Amino acid sequence: MRLSRLVFQTLREAPKEADTVSHKLMVRASLIRQVAAGVYEWLPFGWRAVLKAAAIVREEMDRAGAQEVLLPQLSPRELWEESGRWGAYGKNLMRLKDRHERDFALGPTHEEVITDLARATLRSYRRLPATMYQIQTKFRDEMRPRFGVMRAREFMMKDAYSFDVDDAASERSYETMRVAYNRIFTRLGLNYRMVDADSGPIGGSFSQEFMVLADAGEDIIASCTSCDYAANMEKAESAPLPAPEGSAEAAPEAISTPGTKSANAVSKLLGRPIRDIAKLMFYQVGEELVGVMVRGDHEINEVRLARLLGVDEVVMAKADTIIAKTGLPIGYMGPVDLPGIRVIADRDLAAMPSIVTGANRVDEHLVHVKPGRDFTPALVSPIRKACEGDPCPKCGQPLKLMHGIEVGHIFKLGLKYSKAMHAVFLDEGGKEQMMVMGCYGIGVTRIVAAAVEQNHDDRGIIWPFSLAPYKAMVVPVGAEPDLVAAAEQLYVDLEAAGVEVLFDDRTEAPGVKFADADLLGVPVQLIVGKTFKARGLIEMRRRGTKQGIEVSPQDAVAQVKSLA
RNA sequence: CGGGGCGUAGCGCAGUGGUAGCGCGCCUGCCUUGGGCGCAGGAGGUCCCCGGUUCGAACCCGGGCGCCCCGACCA
């Protein structure tokens with residue numbers, strides 16, 4: 001491709017709305033252009049990167065025996081009513097009406113549609129197992145689109161769904177996908193981790209996420225520094241902490257703490273480490289008000305809490321509800337003599353020898369409170385978020401927290417959708433059985449953003465070879481006819497050799513050409529300039545390295561070809 | 001959904017009552033070819049939209065729309 005013909009416009013300055021590195025670079029290098037909040041155009045150069053990612057995903061899906069289909073983006077309300085998600089999916093579901101006022105959704109994911117297809121076609125155990133996938137645009141009316149195509153409202157996703165006769169078979173399908181996913185992300189050249197995850201609103205029992213490690217990532221994962229344990233924050237556990245030294249022989253004692261509501265403030269006032277201060281928070285669980293306690297240096301993991309209580313979701317109680325139900329002052333509540341409220345204590349809080357709690361009186365706290373002696377929690381369980389340095393639940397070595405970009409997620413769905421939508425097959429005995437499902441997603445457009453986030457320098461993108469829209473770029477520097485002719489010849493030869501190559505045939509100043517080449521980030525730069533004038537040689541330079549090597553035009557073609 | 005910020009040329013911005021400018025980019029010519037080169041000339045604007053105030057509005061007032069950021073667990 002000749003740069004003079006490529007539809008693109010590199011920018012020296014990024015639009016002000018771009019804040020992450022990948023967003024800025026993708027706009028500056030003309031990969032994408034924003035049309036509305038969370039809605040983007042992919043320009044030719046960027047679109048090629050998307051196609052590279054999609055091709056690798058497709059190859060590995062096919063290798064894993066999955067069959068490609070294309071499902072409609074528009075789906076009728078009835079299907080969503082069947083699964084219960086017309087209501088449950090909430091505002092993220094893009095909805096619209098047709099001219100007859102019939103309700104439709106623009107698919108954020110396709111469990112309903114595929115289950116409808118499966119129940120119509122996979123009627124016998126003989127047709128199972130079956131895994132189908134598609135690569136298609138998805139719609140989610142995100143609360144807050146962000147970071148360019150990283151969290152967009154319209155994005156490309158590969159979604160796959162497996163259908164099996166029983167749990168054991170479903171397990172095998174899941175494993176096949178897990179292997180395929182690892183192959184995909186390895187081939188894409190990304191630094192990633194597979195982590196245990198909570199399955200969230202898609203439902204189901206168990207899932208794993210594939211996280212590209214990058215500081216700009218919206219998710220936090222806990223990863224063991226020694227073994228292979230890794231989980232996202234919602235799921236991450238830690239081994240019990242050793243209880244700090246000390247004991248509370250003394251009985252609880254009320255002390256005056258005027259205007260000190262937060263654990264932080266109490267810690268400062270008393271000059272005691274924040275871990276000694278208990279935090280008591282209140283959650284609305286159905287009709288019940290539940291108190292939840294963690295150490296001052298810890299945070300409640302609401303997803304774990306919800307699981308523990310056997311509910312879908314917990315919400316913090318409103319202040320006036322708490323006051324109405326207890327009559328006690330917010331900010332000074334404690335578990336000692338707290339009437340009629342079930343208190344759940346975090347395991348590491350319960351192990352403390354002596355803590356500071358609210359006294360249930362304004363401007364007072366209790367010191368020397370010993371869990372188990374001075375109050376008895378209804379339940380003691382690990383319900384806090386893991387922290388940096390916590391002991392790994394598997395091996396006890398320290399955990400490390402890292403930011404990640406979720407690029408893949410695989411779920412065991414179990415019977416959730418087959419039950420709701422009556423997706424059944426006949427077994428060998430002619431009896432109806434529910435299909436056991438799995439679902440497997442990859443954010444294809446997000447992969448491109450994640451790759452840029454992970455592979456760049458201050459000059460621009462440094463494409464991993466597998467995703468690079470072009471593998472080489474010929475850059476003539478000089479106007480001498482023989483030099484220009486040699487560059488042209490090199491470009492033609494590379495194309496003939498099947499190399500995806502860009503040719504900077506523009507009459508730009510050298511600085512502009514080098515700057516654009518670095519910004520676009522094509523892996524191999526072939527500079528026809530001073531070394532050509534002096535010795536008839538091409539300077540071949542890997543993007544991201546300073547110094548190139550000098551090769552003859554013939555060798556340049558051969559070497560680039562061998563890289564591909 | 002709550003709070004904040006911003007909408008002026010493709011991008012970044014200035015202009016805060018008298019009918020619009022700067023840098024980059026774009027076009028033409030000359031020049032230049034190893035790191036966003038120089039000179040000269042040029043094109044490009046519903047100043048987000050609607051209404052109001054005013055002799056006169058990009059600017060003031062009202063309403064709307066759009067975009068961005070922060071927050072939406074620490075009692």
Side-chain angles (χ1 to χ4, degrees), chain A residues 8-20 23-24 27-28 30 33-39 90-92 141-148 233 260-267 274 277-284 289 291-306 313-323 326 328-334 346 357-358 360 362 365 383-385 459-460 475-481 483-484 487 504 506-519 525 527-534 539 541 546-548:
Chain A
F8 84 123
Q9 173 67 64
T10 54
L11 299 176
R12 209 182 292 206
E13 291 174 281
K16 63 170 183 275
E17 63 266 17
D19 51 349
T20 51
H23 189 186
K24 283 182 184 159
V27 174
R28 285 189 51 216
S30 236
R33 214 180 63 96
Q34 186 177 53
V35 173
V39 180
K91 291 199 164 179
N92 270 10
D141 197 357
E142 290 287 345
M143 186 154 50
R144 188 171 152 207
R146 240 191 297 210
F147 306 147
M233 274 313 269
T260 351
K261 293 186 179 184
S262 71
N264 214 351
V266 175
S267 161
I274 188 150
I277 320 298
K279 289 195 286 200
L280 174 59
M281 272 145 300
F282 293 89
Y283 283 86
Q284 192 72 50
L289 195 63
V292 181
M293 286 182 85
V294 294
R295 282 174 25 171
D297 56 339
H298 289 152
E299 292 182 12
I300 292 171
N301 182 334
E302 294 189 341
V303 174
R304 303 201 105 213
L305 181 62
E313 167 178 63
V314 293
V315 284
M316 296 214 75
K318 292 199 166 69
D320 38 3
T321 313
I322 300 170
I323 294 166
T326 66
L328 297 173
I330 298 276
Y332 297 97
M333 293 179 69
D346 178 60
T357 73
N360 292 327
V362 178
H365 278 78
I383 42 157
R384 68 171 178 91
K385 288 183 179 171
R459 298 181 169 282
V475 185
V477 179
E480 294 78 357
L483 184 152
V484 172
D504 193 349
R506 302 173 302 171
T507 52
E508 291 289 351
V512 173
K513 290 185 174 181
F514 285 123
D516 275 345
D518 289 346
L519 178 58
Q525 298 176 350
I527 299 146
V528 187
K530 65 183 181 193
T531 58
F532 180 82
K533 281 185 256 184
E539 183 182 343
R541 188 153 71 182
K546 286 217 159 62
Q547 203 55 49

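Every chain is numbered from 1, with letters handed out A, B, ... down the list of sequences. Note that the coordinates shown come from a computational prediction; the quantities given were computed from them, not determined experimentally.
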Specify the glycosidic conformation (syn or anti) of U19(B), with syn defined as within 90° of 0. syn
Going by the glycosidic torsion and a 90 degree boundary from 0, is the base of U53(B) oriented syn or anti? anti
Taking any strand in view, what nucleotide pairs with [N] in a Watson-Crick or G-U wobble way, both distances under 3.5 Å?
{"N": "C37(B)", "answer": "none"}
{"N": "G66(B)", "answer": "C6(B)"}
{"N": "C22(B)", "answer": "G12(B)"}
{"N": "G71(B)", "answer": "C1(B)"}

Give the rounded distance in Å between these two atoms: [atom1] of [X] and [atom2] of [N].
{"X": "E17(A)", "N": "G12(B)", "atom1": "CD", "atom2": "C1'", "answer": "11 Å"}
{"X": "Y332(A)", "N": "A75(B)", "atom1": "OH", "atom2": "C1'", "answer": "10 Å"}
{"X": "K91(A)", "N": "A72(B)", "atom1": "NZ", "atom2": "C1'", "answer": "14 Å"}
{"X": "D19(A)", "N": "C67(B)", "atom1": "CG", "atom2": "C1'", "answer": "13 Å"}
{"X": "N301(A)", "N": "C73(B)", "atom1": "CG", "atom2": "C1'", "answer": "11 Å"}
{"X": "I322(A)", "N": "C74(B)", "atom1": "CD1", "atom2": "C1'", "answer": "12 Å"}
{"X": "M293(A)", "N": "A75(B)", "atom1": "CE", "atom2": "P", "answer": "14 Å"}
{"X": "L328(A)", "N": "A75(B)", "atom1": "CG", "atom2": "P", "answer": "17 Å"}

Go along nucleotides 25-42 of chain B 5' to 3' and tag each nucleotide: B for a protein heavy atom under 4.0 Å from its base, S when only backbone or sugar atoms are that close, - otherwise. S-------BBBBB-----
Separation of the [atom1] atoms in [N] and [M], to the nearest angstrom:
{"N": "C22(B)", "M": "G15(B)", "atom1": "C1'", "value": "10 Å"}
{"N": "C59(B)", "M": "G52(B)", "atom1": "C1'", "value": "15 Å"}
{"N": "C48(B)", "M": "C11(B)", "atom1": "P", "value": "14 Å"}
{"N": "G45(B)", "M": "G10(B)", "atom1": "C1'", "value": "12 Å"}
{"N": "A72(B)", "M": "C1(B)", "atom1": "C1'", "value": "8 Å"}
{"N": "A58(B)", "M": "U16(B)", "atom1": "P", "value": "14 Å"}
{"N": "C30(B)", "M": "G17(B)", "atom1": "P", "value": "47 Å"}
{"N": "G25(B)", "M": "C39(B)", "atom1": "P", "value": "12 Å"}

Most 5' of G38(A) and I300(A) on RNA chain B, judged by nearest nucleotide: G38(A)
Taking the nucleotide of RNA chain B with the nearest heavy atom to each, does R33(A) or I330(A) sit closer to the 5' end? R33(A)
Not counting sequence neighbours, which residues clear salt bridge (Lys or Arg N to Asp or Glu O under 4.0 Å) with E539(A)? List them please. R541(A)
For E13(A), salt bridge (Lys or Arg N to Asp or Glu O under 4.0 Å) partners two or more places apart: none
Under 3.5 Å, is there a donor-acceptor pair between the side chain of [X] and the main chain of [Y]?
{"X": "N264(A)", "Y": "I274(A)", "answer": "no"}
{"X": "K279(A)", "Y": "H298(A)", "answer": "yes"}
{"X": "D346(A)", "Y": "I383(A)", "answer": "yes"}

Can a donor-acceptor pair under 3.5 Å be found between the side-chain atoms of E299(A) and the base atoms of C73(B)? yes
Could you list the residues that satisfy side-chain contact (heavy atoms from CB on, under 4.5 Å) with A265(A), not counting sequence neighbours? T260(A), S262(A)
For K513(A), what residues pass the side-chain contact (heavy atoms from CB on, under 4.5 Å) criterion, not counting sequence neighbours? V475(A), P476(A), D504(A), E508(A)
Value rounded to 0.5 Å, distance of CD in Q34(A) from NE2 in H23(A): 6.0 Å
By nearest atom, which of the nucleotides C6(B), C67(B), C74(B) is closest to the K16(A) side chain? C6(B)
Would you indicate, yes or no, if G66(B) has its OP1 or OP2 atom less than 4.0 angstrom from a side-chain nitrogen or oxygen of Q34(A)? no
Between C74(B) and S262(A), is there an OP1 or OP2 to side-chain N/O distance shorter than 4.0 Å? no
May I ask you to say what M333(A) touches in the nucleic acid, namely base, sugar-phosphate or nothing, with a heavy-atom cut-off under 4.0 Å? nothing
Does A36(A) reach a base, just sugar-phosphate, or nothing at all? Heavy atoms under 4.0 Å. sugar-phosphate
Qualifying residues under side chain to side chain donor-acceptor pair (under 3.5 Å), relative to R295(A), sequence neighbours excluded: D297(A)
